[in-house]
Amino acid sequence: NRGLSQAAKLYILYRASHTKIREAKKLMMDVQELVSSYLGQEDWRVNENSNSGYSYASLLNHVSGSVIANYALANMYPPEIAEAHTSGDFHLHDLSCGIVGYCGKGTITGCGNTGGIGGKPSKTGGIAGQADDCQIADCYNTGDLVLPWGAGDNNGGIAGLTYNATLITRCYNTGTVTVEGSQAGGICGQLNAGATISSCYNAGKVGAKWNSGGIAGQSTDAEIIACHNDGLIESQTSGWAGAGGICGFHKGTITACYHIGQVTGDSAIGAIVGEHNSGNISYCYWNGDLEGIPAGGGGSQTGNAKFGAAW
């Protein structure tokens, strides 16, 4: 009996390994079909992302995204979920983005991403592309999000774009987050009304054309609490930058945060925020270098903090 059970186990493993080999070969053969269906606009996924037009650049993103999506279905989701998506029972949006493309009223806990994300997507995160009324806790990203000119906005080490009562807590990023668009953050690209980031840190390089921050690229009527940044923050363009050690563009609340990295840019750069629109910044500390405008020294300050521009 012991010998038969061992033989059965080996046979099962053999079948599983050959299934993966067949799937890999099928994936390579399907690339030509992917290209043809895009050029003929036969695949409905050509129009899945309203921010991506019909172009050669979008074709490259479509093919690479499809490969990543197939990998995610085969290796990251339970078989019953993958089958339900494939058969059309429901749709997993933006499967090519990080761990989860879109999280609505859910919880993501204890997940990590170590792979790089490229192409020309928008709303991209190492853990979630978009998060609406979600909780993301105890997660990390060490992969690089390096997106070239033509990529969309709102990209972050943990989440790209957040809405409503989303909470990102006890998360960190050490990967590079650079995009030739707007809103890049070590933790979140764009933090919208009602969302909160707490007890998170970034140690990766962050850069965007406009609005780049160690924690958030842009924060609008949202909160950033007890976070810190050690990474390099740099503007990817000359002129108005909106680059900050904690937040690029700020209109909300920042409390008990510190920055000890470097911020570079031509104008509107700051140790805590680059462009301060309105709101409150309190109990924050900085001790890093500012290149592009006089640093004015470092230190701690309550009630307000060093920022590059205000209006």
Side-chain angles (χ1 to χ4, degrees), residues 122-123 125 130-134 136 152-169 171 177 179 181-202 206-229 233-237 239-259 263 265-286 290 292-293 296 301-311:
S122 60
K123 300 182 289 293
Q130 298 182 64
D132 184 355
D133 196 10
C134 294
I136 303 175
D153 303 328
N154 307 322
N155 302 286
I158 299 298
L161 181 65
T162 61
Y163 297 98
N164 300 318
T166 293
L167 170 64
I168 302 176
T169 185
C171 298
V177 181
V179 58
S182 301
Q183 283 82 255
I187 300 298
C188 180
Q190 180 162 330
L191 196 65
N192 283 322
T196 301
I197 299 177
S198 70
S199 303
C200 295
Y201 76 87
N202 171 65
V206 179
K209 187 175 181 181
W210 297 292
N211 302 338
S212 50
I215 302 300
Q218 178 169 323
S219 176
T220 304
D221 299 322
E223 291 187 277
I224 301 175
I225 305 169
C227 296
H228 72 271
N229 172 64
I233 312 301
E234 64 177 9
S235 170
Q236 304 279 28
T237 186
W240 194 270
I246 299 298
C247 184
F249 174 91
H250 174 250
K251 179 188 175 185
T253 302
I254 299 178
T255 307
C257 295
Y258 70 88
H259 161 73
V263 183
D266 285 349
S267 64
I269 71 170
I272 301 300
V273 302
E275 181 179 340
H276 178 64
N277 181 284
S278 62
N280 186 49
I281 304 172
S282 59
Y283 303 102
C284 292
Y285 173 85
W286 67 91
L290 299 173
I293 62 171
Q301 200 169 325
T302 60
N304 205 345
K306 178 71 178 180
F307 51 80
W311 47 273

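With hydrogens and angles ignored, the 3.5 Å screen pairs a side-chain donor or acceptor of Thr166 with a backbone N or O of Cys134. Side-chain atoms of Asn211 never come within 3.5 Å of backbone atoms of Gln183 as a donor-acceptor pair (strictly under, hydrogens ignored). Under a 3.5 Å cut-off, the side chain of Asn192 and the backbone N or O of Thr162 do form a donor-acceptor pair. A distance-only check finds no donor-acceptor pair linking the side chain of Thr196 to the backbone of Glu223 [under 3.5 Å].
Between Tyr163 and Asp133 the shortest side-chain heavy-atom distance does not fall below 4.5 Å. Between Ile168 and Cys200, the closest side-chain pair of non-hydrogen atoms falls below 4.5 Å. Looking only at side-chain heavy atoms (C-beta outward), Cys171 and Ile136 come within less than 4.5 Å of each other.
Between Cys284 and Ile254, the closest heavy-atom pair is SG-CG2, 3.8 Å. Between Cys188 and Gly160, the shortest heavy-atom contact is SG-O, 4.0 Å. Taking each heavy atom of Lys209 and Ser235 in turn, the nearest pair found is O-OG, 3.9 Å. Between Val206 and Gly213 the shortest heavy-atom distance is CG1-O, 3.6 Å. Contact detail for Cys227 and Ile246: the closest heavy-atom pair is O-CD1, 4.3 Å. The two residues Gly245 and Asn229 have their closest heavy-atom pair at O-CB, 3.2 Å.
Between atom CD1 of residue Ile215 and atom CD1 of residue Ile187 there is a gap of 5.0 Å, rounded to the nearest 0.5 Å.
At a cut-off of 3.5 Å, with distance as the only test, a side-chain donor of Thr169 or Ser198 sits close to an acceptor on the other residue.
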Output, in order, the C-alpha distance, side-chain angles, deciding distance and verdict of side-chain contact (heavy atoms from CB on, under 4.5 Å) for Thr255 and Ile224.
CA-CA 6 Å; Thr255 307; Ile224 301 175; over 6 Å; no

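Relative orientation of the His276 and His250 rings is parallel, given thresholds of 30° and 60° on the angle between their planes.
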